[in-house]
Amino acid sequence: MNYGRIALAAVGGTVAYFVTGLALFMLVPQMVEEARKYTALFRSGEEQMARMPVIMVATLGAIVVLAVLYARGYRAGFGVAEGARFGALIGVFVVCAFVVHNYVNLNFGLTLMLMQAGAYFIEWTVVGTVIGLIYRPPA
């Protein structure tokens, strides 16, 4: 495994995660409006921003794990396409294990669940694509 490339892929994947998330919130403002219907469930924007360093560190940690998993299963020659497939698998995992799980356990509606499912699937597919773009095994 190429540890330098794993670290670079993790940082690149983390940047891609937050840039994609911001873009999705800007392109689909209905998702924010839908979440605002559930004030008992979600923190205010100010409270979320105050905790942003925590989510940034946690997300970096999660993407380091993904970069290691990608590197361990790396097959030469695939790069971006393999990264996109890897990211799509992670996206399906997140939707099933996190989004749908929260929909069942928390009190929010189907519309928000579907919006979150789409957003998270896209985000994690982009992250996997970036990891695939950056990671290269040692020469």
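Along the sequence shown, the residues carry numbers beginning at 1.
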Would you say that [X] contacts [Y] through its side chain, given a criterion of any heavy-atom pair below 4.5 Å between the two side chains?
{"X": "L41", "Y": "N107", "result": "no"}
{"X": "M49", "Y": "E46", "result": "no"}
{"X": "V94", "Y": "F121", "result": "no"}

Find the distance between [atom1] ([X]) and [atom2] ([Y]) and round it off to the nearest 0.5 Å.
{"X": "R36", "Y": "F42", "atom1": "CZ", "atom2": "CZ", "value": "12.0 Å"}
{"X": "Y103", "Y": "F108", "atom1": "OH", "atom2": "CZ", "value": "8.5 Å"}
{"X": "Y17", "Y": "T20", "atom1": "OH", "atom2": "OG1", "value": "9.5 Å"}
{"X": "I6", "Y": "L66", "atom1": "CD1", "atom2": "CG", "value": "11.5 Å"}
{"X": "M56", "Y": "F18", "atom1": "CE", "atom2": "CZ", "value": "5.5 Å"}
{"X": "E123", "Y": "Q116", "atom1": "CD", "atom2": "CD", "value": "10.5 Å"}

Hydrophobic clusters here meaning ILVMFWY residues chained together by side-chain heavy-atom distances under 4.5 Å, can you tell me if [X] and [Y] are in one?
{"X": "V95", "Y": "L114", "answer": "yes"}
{"X": "L112", "Y": "L110", "answer": "yes"}
{"X": "V32", "Y": "Y120", "answer": "yes"}
{"X": "L27", "Y": "M115", "answer": "yes"}
{"X": "L8", "Y": "V68", "answer": "no"}

Check: CE of M52: more than 12 outside heavy atoms within 6.0 angstrom?
Finding: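 Result for CE/M52: enclosed.
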
Next on the checklist: F93: which residues meet the ring pair (Phe, Tyr, Trp, His ring centres under 6.0 Å) condition with it, sequence neighbours left out?
Outcome noted: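 F93: no ring pair (Phe, Tyr, Trp, His ring centres under 6.0 Å) contacts found.
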
Got a list of side-chain donor-acceptor pairs under 3.5 Å for residues 127-139, not counting sequence neighbours?
{"from": "T129", "atom 1": "OG1", "to": "T125", "atom 2": "O", "distance (Å)": "2.8"}
{"from": "Y135", "atom 1": "OH", "to": "N2", "atom 2": "N", "distance (Å)": "3.2"}
{"from": "R136", "atom 1": "NH1", "to": "G132", "atom 2": "O", "distance (Å)": "3.2"}
{"from": "R136", "atom 1": "NH1", "to": "L133", "atom 2": "O", "distance (Å)": "3.3"}
{"from": "R136", "atom 1": "NH2", "to": "L133", "atom 2": "O", "distance (Å)": "3.3"}

Looking at every heavy atom in both [X] and [Y], which two are closest together, and how far apart are they?
{"X": "A50", "Y": "P53", "result": "O-CD, 3.8 Å"}
{"X": "T14", "Y": "T59", "result": "OG1-O, 4.3 Å"}
{"X": "V64", "Y": "A10", "result": "CG2-CB, 3.6 Å"}
{"X": "A16", "Y": "V126", "result": "CB-CG1, 4.0 Å"}

Please table the atom pairs, donor to acceptor, closer than 3.5 Å between any side-chain atom in residues 78-87 and protein atoms at least two apart or in another chain.
{"from": "E82", "atom 1": "OE1", "to": "R75", "atom 2": "NH2", "distance (Å)": "3.2"}
{"from": "E82", "atom 1": "OE1", "to": "R85", "atom 2": "NE", "distance (Å)": "3.4"}
{"from": "E82", "atom 1": "OE1", "to": "R85", "atom 2": "NH2", "distance (Å)": "3.1"}
{"from": "E82", "atom 1": "OE2", "to": "R75", "atom 2": "NH2", "distance (Å)": "3.1"}

Do any N or O atoms from the side chain of Y38 and from the backbone of G109 form a donor-acceptor pair under 3.5 angstrom?
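Answer holds: yes.
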
Exercise. Between Q48 (side chain) and R43 (backbone), is there a donor-acceptor pair under 3.5 Å?
Worked result: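 Yes; judged by distance alone, with no hydrogens or angles, the pair exists.
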
Practice item. Please step through side chain to side chain contact (heavy atoms under 4.5 Å, CB included) for the pair W124 and V92, ending with a clear verdict. Key: CA-CA 9 Å; W124 289 107; V92 170; over 6 Å; no

